[in-house]
There are 2 protein chains.
Amino acid sequence: MAEQISELLRKNQLSVTDNRKKILELFLQSDSALAHHDIEARTKEKFDRVTVYRTLQTFMDRGIIHTIPTADNSVKYALCKDSCEQGHHHDDHVHFICSSCGTTTCLEEIHIPEIKLPRGYKTKQTEVVISGVCKLCS
Amino acid sequence: MAEQISELLRKNQLSVTDNRKKILELFLQSDSALAHHDIEARTKEKFDRVTVYRTLQTFMDRGIIHTIPTADNSVKYALCKDSCEQGHHHDDHVHFICSSCGTTTCLEEIHIPEIKLPRGYKTKQTEVVISGVCKLCS
DNA sequence: ATATATTATGCAACTTTGTTGCAATTTTAG
DNA sequence: CTAAAATTGCAACAAAGTTGCATAATATAT
């Protein structure tokens with residue numbers, strides 16, 4: 001995996017640093033989305049808080065991760081495996097938040113339906129976040 | 001309007017206070033959603049920050065307002081006129097964020113399509129947030 | 001209309017979250 | 001291996017959100 005991670009960083013023209021490798025590793029190991037807090041908690045003995053903020057921002061800028069909005073002021077971040085492999089970002093899938101276990105996941109196979117807006121509105125991006133009970137909890 | 005506001009508070013079994021009246025008035029006067037920050041800014045000469053937090057929480061609990069998730073950690077609150085008139089809460093409409101003027105609005109006439117999830121997932125609520133350019137900006 | 005009980009508010013102190021500038025370190029490229 | 005470029009940690013801040021408690025305002029029952 002170490003090589004896969006370095007590869008991903010190089011492909012995005014980023015220096016390969018311990019911090020970035022560690023954070024990417026966290027995303028690759030996790031099958032659910034991570035909040036800033038989660039990442040900070042799992043890296044704090046090694047890296048500064050500020051570095052985590054900056055790294056997430058950098059990954060966002062390069063399209064390596066994307067955000068998932070939630071209704072409680074707690075943005076989560078996720079790596080879209082497929083998109084990332086291609087090196088460009090498409091974030092047209094549904095996100096799911098389990099109210100039982102609290103995890104947020106990308107349902108990459110469920111794509112977002114087109115929604116017609118009133119005359120005059122122009123759609124750039126549509127976000128769908130479904131909350132309920134996930135496969136494992138039900 | 002003053003009477004309409006007091007009525008709404010009483011209907012929800014809430015004491016009618018200056019603070020609550022003022023915040024409800026802000027929502028009724030605004031045709032777009034408000035962030036905590038907006039409300040604080042428009043009431044700070046009169047009311048404490050803490051009171052604003054508590055009032056918004058109370059209104060949430062009673063279903064007078066609902067949150068609109070955004071991808072940048074800035075939850076907005078909106079009064080759903082129709083729902084509130086009925087005294088119960090249904091939040092099944094699309095939300096729109098204009099990337100030009102920054103306003104967030106409820107498109108109450110656009111209802112959310114049903115989205116089929118994989119076997120095992122149970123849907124409780126579906127949130128749709130569309131970003132783009134609004135009627136006024138285009 | 002008024003006293004009393006109930007509820008809401010303000011204040012102070014605090015925790016958490018996010019930001020910025022700069023010096024020191026690490027990484028990359030030659 | 002060295003110089004240039006980029007990243008990181010630190011310190012100091014700013015902003016956002018929380019909690020307990022005394023005071024003030026509102027509602028309720030005479």
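Note on naming: letters A, B, ... go to the chains in the order of the sequence lines (proteins, then strands), and numbering restarts at 1 for each one.
With sequence neighbours left out, the ring pair (Phe, Tyr, Trp, His ring centres under 6.0 Å) criterion links Phe59(B) to no other residue. By the salt bridge (charged side-chain N to carboxylate O under 4.0 Å, His left out) test, Arg10(A) pairs with Glu3(A), Glu7(A), sequence neighbours left out. Among residues two or more places apart in sequence or in another chain, the side-chain contact (heavy atoms from CB on, under 4.5 Å) test is passed with Ile112(A) by Val94(A), Thr126(A), Val128(A). For Thr103(A), the side-chain contact (heavy atoms from CB on, under 4.5 Å) partners two or more places apart in sequence, or in a different chain, are Ser32(A), Cys98(A), Cys101(A). For Tyr121(A), the ring pair (Phe, Tyr, Trp, His ring centres under 6.0 Å) partners at least two apart in sequence or on another chain are Phe96(B).
Distance alone, capped at 3.5 Å, places no donor-acceptor pair between the Thr51(B) side chain and the Phe47(B) backbone. In this structure a side-chain-to-backbone donor-acceptor pair under 3.5 Å is present from Ser138(B) to Gly120(A). Distance alone, capped at 3.5 Å, is enough to place a donor-acceptor pair between the His66(B) side chain and the Ala78(B) backbone.
Interatomic distance, NZ of Lys122(A) versus OG of Ser100(B), reported as 10.0 Å (0.5 Å rounding).
Remark: Arg49(A), Val50(A) in residues 38-50 of chain A come within less than 4.0 Å of DNA chain C through at least one heavy atom. Annotation: proximity of residues 53-61 of chain A to DNA chain C (heavy atom, distance under 4.0 Å) is found for Tyr53(A), Arg54(A), numbered in ascending order.
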List, one per line, each side-chain donor-acceptor pair under 3.5 Å for residues 14-29 of chain B, sequence neighbours excluded.
{"from": "Thr17(B)", "atom 1": "OG1", "to": "Arg20(B)", "atom 2": "N", "distance (Å)": "3.3"}
{"from": "Asn19(B)", "atom 1": "ND2", "to": "Thr55(B)", "atom 2": "OG1", "distance (Å)": "2.5"}
{"from": "Arg20(B)", "atom 1": "NH1", "to": "Ser15(B)", "atom 2": "O", "distance (Å)": "3.1"}
{"from": "Glu25(B)", "atom 1": "OE2", "to": "Gln29(B)", "atom 2": "NE2", "distance (Å)": "3.2"}

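Residue pairs satisfying the side chain to side chain donor-acceptor pair (under 3.5 Å) criterion with at least one member in residues 34-45 of chain A, sequence neighbours excluded, are listed as follows: His36(A)-Glu40(A).
Note on His37(B): a side-chain N or O is less than 4.0 Å away from OP1 or OP2 of dA16(D). Between Thr51(A) and dG9(D) there is a side-chain polar atom (N or O) within less than 4.0 angstrom of OP1 or OP2.
Heavy-atom contacts from other residues, nucleotides or ligands closer than 6.0 Å to CD of Glu114(B) number 12 or fewer.
We find that NZ of Lys76(B) is positioned 13 Å from P of dA16(D), with the value rounded to whole Å.
Note on the helix from dA1(C)-dT30(D) to dG30(C)-dC1(D): angle between the axes of the first and last five pairs equals 40°, rounded to 10 degrees.
When DNA chain C is scanned in the 5' to 3' direction for atoms under 4.0 Å from non-hydrogen atoms of chain A, the outermost contacting nucleotides are dT17(C) to dT28(C).
Grouping Ile, Leu, Val, Met, Phe, Trp and Tyr by side-chain contacts under 4.5 Å, direct or through others, leaves Tyr53(A) on its own.
Judged by closest nucleotide on DNA chain D, Ser15(A) is the one of His36(B) and Ser15(A) placed further toward the 5' end.
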